[in-house]
Amino acid sequence: MLDEKLADISRSISSALKDIYGADADTTLKRGTRPGIEFFTPISFELGKSLGLEPRDVAQKIASRLKMDGTFSATADGAFLNISLSGALYADYFSHYHFKTFPANGKKINIEFISANPTGPLNVVSGRAAAVGLALSSLYRKFGWEVSREYYVNDHGNQMNIFASSLLKAYAERFKGETAEYAENEYTGPFTGEIAEEIGDIIEKAPGGDRIKKEAVKAVIGRIKGTLKNISLDFDRWFFESSLYETGENEGYVLDTLRKKGLLYEKDGALFIKNTALGDSQDWVLKKSSGEYTYLFGDIMYHIDKFRRGYDKAINIWGPDHLSGAVRLIRALTAFGIPEEFLSVIILQQVNLIKDGRKIQMSKRTGNFIGLDEILDSVGADPTKYFFLSKGTSQHIDFDFDAFEKESEKSPVFYLQYMFARINGVLLKKYGVDLDGFLDSEKADELELGEISPMQKEIIYTVYVLEAVCAEALTKNEPAMVMNHMNEIAKKFHRFYQGERILGSEREEELLGFIVKLGGAVRSVLTFMGINAPQRM
RNA sequence: ACGCCAAUAGCUCAGCUGGAUAGAGCAACGGAUUUCUAAUCCGUAGGUCGCAGGUUCGAAUCCUGCUUGGCGUGCCA
């Protein structure tokens, strides 16, 4: 209803402009950029310019021309025309408010993220991907998409072979007392030893071969799932790269199609895809001279598979090292009739891990590593997720492990959670039930907000804006926008709460109604972003 | 060398179809509350928005050049 009112006002401004100046202009109201300013239009600047008028006069004239009926006010501040809606409108809006999930829009989306190689534990970067992927999938669900979360397991190719041979050496070293010579590219860290131990039986029975790889993958994935459980993330599908190579059918299809289109050629004993013909800056190797397929080849097969599964859209969340790979893949896919818009790749920028005041170079191979588990253990899942969710995806970020550990009790996530806990606290004191209990009672049916204070109005305004922020966050694939907006709500709430005692107030009933509504909203958003909403802290 | 990403307070980061006085948290300093949990609130201090041009009534935001850091660049994944 606020939307309608705003559209209404916008139309009034348009017709005022038409009447006075005979001018047509876009008078869509923008959200305020300063505290206390709800909506505004800078139209006077543009009109002043094009009509050769003084902008502030234009703003003045329109303001006085608008027929205000008490539901809003329009004031000219310099050349800005500011609009403010009445408290009654906000109160009415909020008394019907709930954090919406839109009805199904019939579209299916596949969101693939983390997809770390099954050769080591998850690290900080995976943590960032996990938090962002989780929140992003919620965003799509909110707007009616059918979302499928997917983890791509790179269990095919050379890294796996190297990992397998490392396991054999680690096993021999640990349990046979042999000294192993590791090659430059082999995995020497403690994790490798642990996995070797875990699948020791298999190594004993069938040294060598695919069986070891398979068991190793299973063991590593098992651990990864354990880590993900700690952040309440589960995937709808674990897709194994190796499954693409099972029958040879996929390889044949890709190669045949490219050959038919003249997009495949051989050079120096390797097979190339002619991506330059698809708008890319260079051609790429699909099959190495050694006879092995490259990662790109697998990716092409994988995304053809995704496309065939009937998704309307696919999103991949990748690390910065895959930056150039995105264009490469998207271009290549067009050769198979997959439109460019099908796949969006979000590049999650780097996370520098700072320890002892220094940037540490992590390596799965050598085990020089601070795992996600370790971080979750020492600072907790919510602070970790919040940390990643409050930063834009393209931002390079520093994760200072020491500072984080030391200051984890001050994490800004608690600021949000405390808002929810405070609301529950009041309800518990008054009714002996928490928010859920209250909402189940018949009391919940008779919420009236009455006449709201300016501070309440500000809070409701911020909640109202949240909807638009979510929509923007979706189109920009930036969950951080939502998280940061929650901070604003919390800031206003805490100020309100500090300054106004609810129980015992003349407006007690109405204020209770207000915080119940707010509590519901806060819980929805937090849960939706993958953050706990605790009733007590 | 080329391509992509970034650069905002001491630190970590917001600031998103160009708007008004650039904002939070942490760190520093000063206050409030013997509470509906102070995990809070109020205040002080802290900025040539990397540099230089340009476009615009208006630029942290758009364009160009440069600097610095990161990632990548035909057979790593």
Side-chain angles (χ1 to χ4, degrees), chain A residues 30 32-35 37 40-42 44-46 48-49 55 77-80 82 116-117 119 154 156-160 162 185 241 267-273 275 281-290 292-296 298-299 319-328 347 349-350 352 354 387 390-392 394-400 403-404 407 409-415 417-419 421-430 469 472-473 475-476 478 480-481 483-485 487-488 490-491 493-505 508 511-512 515 536-537:
Chain A
K30 302 186 179 192
T33 51
R34 295 178 57 190
I37 307 232
F40 78 97
T41 172
S44 316
F45 285 108
E46 291 151 35
K49 173 86 176 160
D77 181 1
F80 288 97
N82 294 333
N117 280 358
T119 56
N154 304 120
H156 184 268
N158 211 28
Q159 284 307 315
M160 251 351 267
I162 296 168
N185 56 7
E241 183 184 10
K267 189 180 163 191
D268 306 330
L271 276 181
F272 283 71
I273 178 169
N275 253 29
S281 57
Q282 63 187 66
D283 297 339
W284 306 94
V285 173
L286 286 184
K287 193 178 190 177
K288 306 183 222 172
S289 48
S290 65
E292 291 166 328
Y293 289 109
T294 60
Y295 186 80
L296 173 63
D299 258 358
D321 49 333
H322 292 73
L323 215 147
S324 57
V327 181
R328 194 184 309 177
I347 299 293
Q349 274 301 342
Q350 188 160 339
N352 291 318
I354 313 286
F387 177 79
S390 59
K391 284 135 184 82
S394 66
Q395 188 62 242
H396 300 56
I397 58 179
D398 285 350
F399 191 100
D400 188 330
F404 219 84
E407 293 165 7
E409 74 277 5
K410 299 181 199 161
S411 166
V413 76
F414 299 134
Y415 191 71
Q417 294 178 324
Y418 189 46
M419 162 167 56
R422 277 184 141 173
I423 290 170
N424 278 280
V426 177
L427 294 174
L428 278 165
K429 172 131 181 172
K430 175 72 184 178
V469 169
E472 277 175 46
T475 54
K476 299 188 154 99
E478 285 288 6
M481 294 177 74
M483 206 74 267
N484 288 319
H485 190 77
N487 248 324
E488 269 184 55
K491 189 169 177 58
F493 168 78
H494 286 307
R495 187 183 294 169
F496 155 80
Y497 187 87
Q498 191 80 15
E500 190 140 18
R501 201 182 156 86
I502 296 168
L503 299 181
S505 153
E508 182 180 294
L511 290 176
L512 282 165
I515 61 164
R536 287 170 211 269
M537 290 174 73

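Numbers restart at 1 for each chain; the letters A, B, ... are given by sequence-line order, proteins then strands. The figures here come from the full heavy-atom set of this structure, side chains too, leaving out hydrogens, waters and symmetry mates. In this text, all values refer to a predicted model and were calculated from it rather than measured experimentally.
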> Measure from the side chain of Ala270(A), starting at C-beta and using heavy atoms only, and say which of C71(B), C36(B), C75(B) lies closest.
C75(B)
> Are the ring centres of Tyr418(A) and Phe414(A) closer than 6.0 Å?
no
> Let's see if you can work this out: which of C75(B), U37(B), A77(B) has an atom nearest to the side-chain heavy atoms of Tyr295(A)?
A77(B)
> Round to the nearest Å and state the distance from Asn117(A) atom CG to C76(B) atom P.
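In whole Å, C76(B) P and Asn117(A) CG are 15 Å from each other.
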> Could you tell me the Watson-Crick or G-U partner of A6(B), where both distances fall under 3.5 Å? Say none if there is no partner.
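Its partner is U68(B) (Watson-Crick or G-U wobble, both distances under 3.5 Å).
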> Identify which nucleotide among C36(B), C75(B), G74(B) has an atom closest to any side-chain atom of Lys429(A), counting heavy atoms from C-beta outward.
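The listed nucleotide nearest to Lys429(A)'s side chain is C36(B).
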> Return yes if the base of C41(B) and the side-chain atoms of His494(A) contain a donor-acceptor N/O pair under 3.5 Å, otherwise no.
no
> Between Gln395(A) and A14(B), is there a side-chain N or O to OP1/OP2 distance below 4.0 Å?
yes
> With Lys391(A) as the cation and Phe387(A) as the aromatic partner, state whether NZ or CZ is under 6.0 Å from the six-membered ring centre and within 45° of the axis.
yes
> So if I define the base as every atom that isn't primed, P, OP1 or OP2, how would nucleotides 17-28 of chain B read as a B/S/- string at a heavy-atom cutoff under 4.0 Å?
--BBB----SS-
> Given U12(B), C5(B), A77(B), identify the nucleotide with an atom nearest to the side chain of Phe387(A).
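Nearest listed nucleotide: U12(B).
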> Choosing from A6(B), A77(B), C16(B), which nucleotide comes nearest the side chain of Ser394(A)?
A6(B)
> Whole angstrom is fine here: how far is it from CE in Met537(A) over to C1' in U40(B)?
11 Å
> Students often mix this up, so state it plainly: with edges at 30° and 60°, are the rings of Tyr415(A) and His494(A) parallel, tilted or perpendicular?
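The rings of Tyr415(A) and His494(A) sit tilted, inter-plane angle from 30° to 60°.
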> Where the side chain of Val285(A) is defined as all heavy atoms beyond and including C-beta, which of C75(B), U40(B), A6(B) is the nearest nucleotide?
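Shortest atom-to-atom distance from the side chain points to C75(B).
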> Does Arg495(A) put a side-chain nitrogen or oxygen below 4.0 Å from OP1 or OP2 of C41(B)?
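False: Arg495(A) side-chain N/O out of range (4.0 Å or more) of C41(B) OP1/OP2.
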> Of all the choices, A14(B), C5(B), C16(B), which nucleotide is nearest to the side chain of Met481(A) once you look at every atom?
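Output: C16(B).
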